[in-house]
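Structure, as structure tokens:
Since we're looking at a predicted model, the values are computed, not measured. Quick note: numbers below take in every heavy atom, side chains included, and nothing from hydrogens, waters or symmetry partners. Letters A, B, ... are given to chains in the order of the sequence lines, protein chains preceding strands, and every chain is numbered from 1.
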Number of protein chains: 2
Amino acid sequence: MSDGAPNRATLHARVLADELAKAGVSRVCVAPGSRSTPLTVAFDAREDVTVYSHLDERAAAFFALGAAKRSNDPVALVCTSGTAAANFHPAVVEADQSRVPLVVLTADRPPELRDSGANQTIDQQKLYGDAVRLYADLPEPAVEDRRLRSVRVRADRAVTAATGVPPGPVHLNVPFAKPLEPTEVPADSTHGVPDDWERDHELAASGREGAFVTTTPGRMALPDDALNALVDSLADADRGLLVAGPTDRDLTALAALADSTGFPVLADPLSGLRYGAHVADVPVYGGYDGYLDPAVTADWPDPDVVLRFGASPTSKPLRKYLARTDARQVVVDPAGEWREAEFAASDLVTADPDVLARALADRVDADGGWPADTFARAERVHDETVADTADFFEGAIARRLVADAPDPATVFVSNSMPVRDVDRFGAPRSADLTVLGNRGASGIDGVTSSALGAGRAVEDPLVLLTGDLAYYHDANGLLALSRCGVDATIVLVNNDGGGIFHMLPIEDFDPPFEGQFKTPHGLDFEPTADLYGFEYARVRDADAFADAYRESLDSDGTQVVEIVSDADASHRVREALRERVVDRLA
Amino acid sequence: MSDGAPNRATLHARVLADELAKAGVSRVCVAPGSRSTPLTVAFDAREDVTVYSHLDERAAAFFALGAAKRSNDPVALVCTSGTAAANFHPAVVEADQSRVPLVVLTADRPPELRDSGANQTIDQQKLYGDAVRLYADLPEPAVEDRRLRSVRVRADRAVTAATGVPPGPVHLNVPFAKPLEPTEVPADSTHGVPDDWERDHELAASGREGAFVTTTPGRMALPDDALNALVDSLADADRGLLVAGPTDRDLTALAALADSTGFPVLADPLSGLRYGAHVADVPVYGGYDGYLDPAVTADWPDPDVVLRFGASPTSKPLRKYLARTDARQVVVDPAGEWREAEFAASDLVTADPDVLARALADRVDADGGWPADTFARAERVHDETVADTADFFEGAIARRLVADAPDPATVFVSNSMPVRDVDRFGAPRSADLTVLGNRGASGIDGVTSSALGAGRAVEDPLVLLTGDLAYYHDANGLLALSRCGVDATIVLVNNDGGGIFHMLPIEDFDPPFEGQFKTPHGLDFEPTADLYGFEYARVRDADAFADAYRESLDSDGTQVVEIVSDADASHRVREALRERVVDRLA
């Protein structure tokens, strides 16, 4: 900020970028464009900000999402005016629903050109509707002390909103008039900056050493009487359960709570609780998707208290099991949002889950109360049955992928079948695996980009488990491998079309099943390796997969390991396994 | 509609699809998904509707846009709930701004699952904001006479709005509960259809032979006094001009108006007026982007009346020329929208351009009044100068592409440099070329899909002129070649990055020019031919291009002809040509 700005757009963008960086934005994904030039130049000039350049705004936004999800830091996005901004929309929706801090900066024409027929000018006002935590149309660049201070405060507020409770996307629409480049214009002209203006307005122009305004966020904690009531109900419980759904939060305090209550923990793969050192010490269960069948649980005693953290679990058998019980079900959410679509819960507690779990763990001392071995036996039977199957199926890939993942690793999992397979077959491990997925809106768009963004955010090795539709959908995202410097092991389960539809009744109606649902594409993905520069291996059985997977984990660079799979056959194996488990347990 | 519907979702979707088809929707682009099953099944069962299956909703939407743009018929889009719908957003914005009739059908969860934490459930209410002409949240399926008649009326209203003045996208959000498949359920159950219900409610269930409600749209025409005043001002004009910008309308009546007024026609390549049989008879000019320089026009007499049709012209020199004149400028728009961002126009006439041009042509008889040969000479000098240049540059490709395009042909042109090059170098031809581009929001997203949709809508050969960024951005769209049965000649000008930025002052600031603006990607696109199954040729000079282009036009199937180009060198040639033309004319 020491050089005098050559024009107002440059000054304005410098101030905005400076303040965002000071507020905690250290990564920016930029899609090239003209109108956004002042912002791109401003971020590019900063040493405290890493700029990732993307050519497809949709992929850029999902990359930012993944980076923010993995790092828990706000990540900024920059695009030019026009449909570029609309391409961010899918990731903004996902960020809203999976609570990921994104700061979306859309450059815009100056106000007089809106709704005027000017080129590449669309209505960007509130483009993302209610999906953002904060929207602001920034004022036009001007050399005015209050205006630049307002930009700093707005930037800080935007980051605060993006990282608040719950975290999520924010949108700043930023108008710029020409010159957009750092072109020197006369100090006294319309877009000029008077000499010494910045020196004379140092606070506005250069800000403070840290953020201009600092927000100290509180954490929601229950008042003593409410906490004591909850403590009593847990202590008095005959049989309690802890359920950890997909979350953006650190739920490891649930391990302490499980320890003090003796309650089993049913941990979604996206809860952050299924994998980790605590798995050696407390009963964390992950196979419930395979055994929580009505025929099995009919003989079990009901839980009487269920504490639910995070979003609704991935597992439908778990959700249905919880809907069948008469238990008092307490949903804990830091934002007080209702995230339980069976409407079986009776209580909502608005509290920080970490604060609450610690407080409860300190105050409760119980022994769970379940007949010895209820969950442990079911889990064991499920595990043995799966291990015993000689059939090659997609679930075996998910199982192996999790079991053999390096420690530590970031494991990103696509929606549709991969997350369901990891949920059912990716057994708990005492290893530092960060398993992530886009489970907010559960789309298959942007999976590759999200994974690469997550991989780029940390040093851990990155493993992606994806399917052919998701791989195709976000093929553009593969450009980030070279362009943003990411290495990955990409496990691609290719069953040539929508394997998930075999799980649905539409399978029995053909046509239109084959043509409109399974929709085989017949794509041979190997050319993507030439296009984007990585190694490619294609395997057809479990041993070959295990070898190729291990080899990739031991190698530098990126490898795609494609498993040629039959969705129908895999579906039959999953069904048969479920039947066998249920038969043995019921 | 003869079989009794097995459940309410099936009945409801059948009625909606039936009515949309009767209202004129004969093409539907479907992205596979579960929640949208009733709609997919309903459309797939109809013989009067062609269903195109796409795996990427963004590409699906642009394909629909292209098909609707080329055919002028409304095209429907179907997707499941969740981010799929957000992927439509870029094309919806483009459809809004370039006035293309799209009927977007987003399946949704039933109301009780919204904002409940249910999977793949997002807020789809008014997802596209003000970009749509009509939004409606359809009622839930029910066996109720009034409700089904309301669905028919709503469907007809939606198509009327989409094809109205101006045409554009509409959005129907359609909630469905399970069963989504055509599964038989007991007639008296929640989702059942009573026996004989459809026979007893034939009008609601089966509709009428044609549309349920028919809208007869009027066309905006000036009242006599206003028309006469305009006639007088044209008849009295010393020098008039007709300017035809990009449009969704048939502007060929301007040829008759040019004939009766003697006014030169400056025809944008996207106006539908630069190419056609009329070019042999009336003075249509297309090279103005190359000669309307202040140094040239300073010696010209000013026009005193300018009639402007369509959107703001692609050519910046033309827009600036018009902004320099003192002429009375009349913008004619059927929707009465202001589309003139220099704010140089003085009059807006809300009238159908075809009706108005015919009425004026019948009533005016004048001789234009320009000094002999003003535009014709400039055009000739521009043309000769371009023809004389021995330098290989991107403009020569555009020139050749238009000159050698088959008659008839659909020529789709990407934004950024291709449309500018066609504008300046694609000389008028007396041939039936339909030149199209996404000039509403001028994005480079979705260009390939739009082109293929346009190509699929008619029998004409399809030529696409695109650049490497657009080709990369919408590579997924290439799947439609095989999946939707399109053949194309794709001319890919590859200058490895954002060539347009060489036109902008940011070129002088490096860094960040190379890294954040030109952003070379180094991609070798030849593997896309293996991925999507077409032929690929790479050329490096004009003669090789001419040969490969001709060969592709003579072949079946799809060929990509890649021209390896140097953006910087091409930019210098364009600049040098402009200087030479200006020197010769000034």
Is it the case that the ring center of Phe513(B) lies less than 6.0 angstrom away from the ring center of His502(B)?
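Centroid distance His502(B)-Phe513(B): below 6.0 Å, so yes.
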Within the side chain of [X], is there an N or O that forms a donor-acceptor pair under 3.5 Å with the backbone of [Y]?
X         : Y         : answer
Thr183(B) : Pro179(B) : no
Glu514(A) : Lys518(A) : no
His54(A)  : Asp56(A)  : no
Thr40(A)  : Ser36(A)  : yes
Ser98(B)  : Glu94(B)  : yes
Asn415(A) : Ile444(A) : no
Thr80(A)  : Arg35(A)  : yes
Arg483(A) : Leu55(A)  : no
Asn7(B)   : Glu181(B) : yes

Contacting moiety of [X], where chain B heavy atoms sit under 4.5 Å:
X         : result
Asp115(A) : backbone
Pro313(A) : neither
Tyr128(A) : neither
Gln516(A) : both
Asn87(A)  : both

Part of [X] within contact of chain A (heavy atom distance under 4.5 Å):
X         : result
Phe343(B) : side chain
Thr121(B) : backbone
Asp123(B) : both
Leu127(B) : both
Ala311(B) : neither
Lys178(B) : side chain
Tyr472(B) : both
Gln125(B) : neither
Asp130(B) : side chain
Arg58(B)  : both
Asp530(B) : both
Leu469(B) : side chain
Gln120(B) : both
Phe501(B) : side chain

When heavy-atom pairs shorter than 4.5 Å are enumerated against chain A, which of [options] gives the highest number?
options                                    : value
Asp508(B), Val30(B), Leu479(B)             : Leu479(B)
Gly82(B), Pro505(B), Ser53(B)              : Pro505(B)
Pro32(B), Ala341(B), Ser116(B), Gly117(B)  : Ser116(B)
Gln97(B), His521(B), Arg339(B)             : Gln97(B)
Leu531(B), Asp524(B), Ile122(B), Asn476(B) : Asn476(B)
Glu342(B), Glu526(B), Arg319(B), Glu57(B)  : Glu57(B)

Picking from Ser34(A), Gly443(A), Ala475(A), Ser482(A), which has the most non-hydrogen pairs under 4.5 angstrom with chain B?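 Counting heavy-atom pairs under 4.5 Å, the top option is Ser34(A).
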* Under a 4.5 Å heavy-atom cutoff, which of Asp96(A), Val41(A), Leu504(A), Asn119(A) has the most pairs with chain B? ->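 With the most close heavy-atom pairs to chain B, the winner is Asn119(A).
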- Task: Compare every heavy atom of Ala441(B) with every heavy atom of Val93(B), then report the nearest pair and how far apart it is.
- Result: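 Scanning both residues, the minimum pair turns out to be CG1-CB, 4.3 Å.
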What is the minimum heavy-atom distance between Ala61(A) and Ala91(A), and which atoms define it?
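Ala61(A) and Ala91(A) have their closest heavy atoms at CB-CB, 3.4 Å.
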Inset, instruction - Decide side-chain hydrogen bond (donor to acceptor under 3.5 Å, both in side chains) for Asp423(B) and Thr314(B); before the verdict, give the C-alpha distance in whole Å, the side-chain angles of both, and the deciding distance to 0.1 Å. - result: CA-CA 7 Å; Asp423(B) 190 20; Thr314(B) 303; 4.8 Å; no
Is any NZ, NE, NH1 or NH2 atom of the basic residue among Glu337(A) and Arg99(A) found under 4.0 Å from an Asp or Glu carboxylate oxygen of the other?
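Salt bridge flag = yes for Arg99(A) with Glu337(A).
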Practice task
Could you point out which residue of Tyr471(A), Tyr536(A), Phe534(A), Tyr532(A) forms a ring pair (Phe, Tyr, Trp, His ring centres under 6.0 Å) with Phe525(A)?
Solution key: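 Running ring pair (Phe, Tyr, Trp, His ring centres under 6.0 Å) over Tyr471(A), Tyr536(A), Phe534(A), Tyr532(A) with Phe525(A) returns exactly one hit, Tyr471(A).
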Gap between atom OG1 of Thr37(A) and atom CZ of Phe517(B) - 0.5 Å precision: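 With rounding to 0.5 Å, CZ (Phe517(B)) is 4.0 Å from OG1 (Thr37(A)).
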